[in-house]
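Treat the numbers as computed from the prediction; the structure is a model and nothing was measured. The chains referred to below are lettered A, B, ... by the order of the sequence lines, with proteins before strands, and numbering in each begins at 1.
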Amino acid sequence: MDNKKIADTLEETADLMEIAGIDGFRIRSYRNAAQIVASLSEPIVTILQDSDRNITDIKGIGKSIASALKDLIERGSFSRRDEMLEKYPPTALELLKISGLGPKTIATIHHHFRISTIDGLEQLCRDGKLRELPRMGEKLEHRILRGIEIYKRNAGRFLINFAHQTAIELVNYLNENNDSNDITAAGSLRRGKETIGDVDLLVTGPKTTNAIDRFVEHPSVNEILVHGDTKASVTVGREGLQVDVRALETDSYGAALQYFTGSKEHNVALRERAVRMGLRLNEYGLYRNDDGTKIAGQCETSIYEALGLSWIPPELRENTGEIEAAAEGTLPELIRADEIVADLHMHTTESDGYFSMNEMAEAARKKGYQYIAITDHSKALAMANGLDESRLLKQIKQIREASERWEDFTILSGCEVDILQNGKLDIDNEVLAQLDLVIASVHSHMDIESEKMTDRLLHVLENPYVNILGHPTGRLLLRRDPYVYDFERVVAEASKCNVHIEINASPERLDLGFPHLRVAKSSGVKFTISTDAHHTKHFDNMQYGVLSARRGWLTVNDVLNTLSLEKFLKTLVR
DNA sequence: GCCGTTTTCGGCCCGACTGTTTTCAGTCG
């Protein structure tokens, strides 16, 4: 059992313990242990098997969890988990994903109605049965029904980082065979879409049948849906992500890559264009209608060229103007990940991060960045141990001192300041004035009506110390809708005030998304792409932020953390 | 369940909102 699986099992147990109403601190120990296990570079098994070492030497792992880990590896479970699963079926875990429904309510419902599935719960709400229970009423029934609706709408989709990691793992596995096949991920993953329904892998080369046979034998394959000579379809992991592999002839590889990358709308438009030109486009190639001659297919570029277009980056293939731009030769030169020189939103152990300022700085520097901004939470976010004025002043001093150490690297002192319900910030202006960078973000009162939210954000922009509007729509992918306000008006005002807009690269947010980005870009506002890292490994999420930016047609000129420090600081002057 | 110059017990993580109540339990961040 690998570390990830162990961590997942510990988390799962912690979830069940929540429902069982077990002491919160005890649950936290399990979650903490899960986090530790997940971030270990060495397999737990190796440590346990080494008689010279003691797993309890790792901070956060004591006697009980050490024994749980041992049992987990030996027999796939441990007593606390068994005990929980005896009380609550695993389907109860799914209920926790419904917004507005927490462990206590799930436990009460299970206790009274013996119901622990989403469908069962939905029926209960529709029948108005929930209101029979203490402290539950009609409004709660409605809230849960709405939560179920959102959950169902998003079910079966996955965050891009999860799909991406799965794809990398499978591609590496197939490459291990060294049968000189080419393997590429197509589909929405290649287009950089924020959420992915299934992963499409294309294999071409001399031994594609071997590759497909090997693919279905991968240890994380759960269920084989289809297994033929040229196609296999499976679900992987306990999450059940569907992965399709297709084997292709080398001379139609480009056509297949184009076809399976999509989007559907883009492909339809492309085929229509082909028809108008007396051509026919399908997954095998581009053909002349009159005599059936194949005129392109081996590579994507040849297909686009034959259609009178420049090659279109996958991120733009949504049929929202990219074909016209490609015809006119006016496609933008999209921003590239290697052009990013700074990360401007991250947290440390001062608030809710996992690493100290120095550790974050070292990791960022190693990544090749020229500068970063430390932006811990402010005091209104008490749960995240947000900083008040005096702690912030102290931190500014520490940052200045730490930053002195390097010639080639700078730490900016920043803060992710909370936007209160009235549109004011929760840190005094005198202190904000001393920061290099102020990100203003909404973390509460997210469901107020549109007009109030618009006013609230417009009010924030009036504060002369605000530089960046953080995760501007507040969405949590697959979990929470963006909050509602007059976005166009707010970005227009931001552009006027020289407040920049953040593209939050966290795979759970990827906020802004593509339609918002297009609107924002046309307002003339400038962007920063930042990871909101709470862990050094989160720096790697920058790639997803860049993908989002590319989907929004952004170029290097739109994104400010591509600038040298000197030039960047000039963009902060209001 | 973990930790420890406050060390074998007691602290760890808190404030605000909502919906249900008439004082507070549950949820969220």
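- With sequence neighbours left out, A:Y485 forms a side-chain hydrogen bond (donor to acceptor under 3.5 Å, both in side chains) with no residue at all.
- One can place CG of A:D426 at 12 Å from C1' of B:dG15, the figure rounded to the nearest angstrom.
- For A:F514, there are no ring pair (Phe, Tyr, Trp, His ring centres under 6.0 Å) partners two or more places apart in sequence or in a different chain.
- Of the residues in residues 67-92 of chain A, A:R80 come within less than 4.0 Å of DNA chain B through at least one heavy atom, sorted by number.
- Nucleotides B:dC3 and B:dC13, compared at atom P, are 14 Å apart to the nearest Å.
- Here the separation of B:dT21 from B:dG26, taken at their C1' atoms, is 13 Å to the nearest Å.
- Taking A:A402 as the reference, A:M357, A:N358, A:R405, A:I411 meet the side-chain contact (heavy atoms from CB on, under 4.5 Å) condition, with sequence neighbours excluded.
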TODO: For nucleotides 19-29 of chain B, just jot down a letter per nucleotide in 5' to 3' order: B, S or -, based on protein non-hydrogen atoms under 4.0 Å.
DONE: BB---BSSSSB
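- Taking the side-chain contact (heavy atoms from CB on, under 4.5 Å) definition, one finds that A:E11 meets it with A:R31, A:A34, sequence neighbours left out.
- Pairing for B:dT8 is absent, judged as Watson-Crick or G-U wobble with the two contacts each under 3.5 Å.
- Regarding A:D57, its CG atom lies at a distance of 14 Å from the C1' atom of B:dC2, rounded to whole Å.
- In this structure, A:L93 and A:E12 have side chains that are in contact, with non-hydrogen atoms separated by less than 4.5 Å.
- In this structure, A:L420 atom CG and B:dA16 atom P are separated by 10 Å, rounded to whole Å.
- In this view, A:Q123 and A:D127 satisfy the side-chain hydrogen bond (donor to acceptor under 3.5 Å, both in side chains) rule, not counting sequence neighbours.
- Judged as a ring pair (Phe, Tyr, Trp, His ring centres under 6.0 Å), not a single pair has a partner in residues 64-83 of chain A (not counting sequence neighbours).
- In this structure, A:L10 atom CG and B:dG1 atom C1' are separated by 12 Å, rounded to whole Å.
- Residues satisfying the ring pair (Phe, Tyr, Trp, His ring centres under 6.0 Å) criterion with A:H500, sequence neighbours excluded, are absent altogether.
- Between B:dC17 and A:H445, a contact under 4.0 Å exists linking OP1 or OP2 to a side-chain N or O.
- No donor-acceptor contact under 3.5 angstrom links the side chains of A:S351 and A:N385, judged on distance only.
- Summarising the geometry, the separation between CG on A:N385 and P on B:dG15 is reported as 11 Å, rounded to the nearest angstrom.
- Every pair tested for ring pair (Phe, Tyr, Trp, His ring centres under 6.0 Å) that includes a residue from residues 17-36 of chain A fails, sequence neighbours excluded, so the list is empty.
- Applying the side chain to side chain donor-acceptor pair (under 3.5 Å) test to pairs two or more places apart or on separate chains, those with a residue in residues 465-474 of chain A are A:E416-A:H471, A:H443-A:H471, A:T473-A:D511.
- Within residues 13-28 of chain A, the residues that place at least one heavy atom under 4.0 Å from DNA chain B are, in residue-number order, A:D23, A:F25, A:R26, A:R28.
- Residue A:E83 qualifies as enclosed at atom CD: its count of foreign heavy atoms under 6.0 Å is above 12.
- Between B:dG11 and B:dT18, the distance separating the two C1' atoms is 30 Å to the nearest Å.
- Taking atom C1' in both B:dT8 and B:dG1, one finds a spacing of 14 Å when rounded to whole Å.
- Using atom P as the reference point in both B:dA16 and B:dT22, the two lie 24 Å apart (nearest Å).
- Annotation: B:dC2 and B:dT6 have their P atoms spaced 23 Å apart (nearest Å).
- For the C1' atoms, the distance from B:dT20 to B:dT27 is 13 Å, rounded to whole Å.
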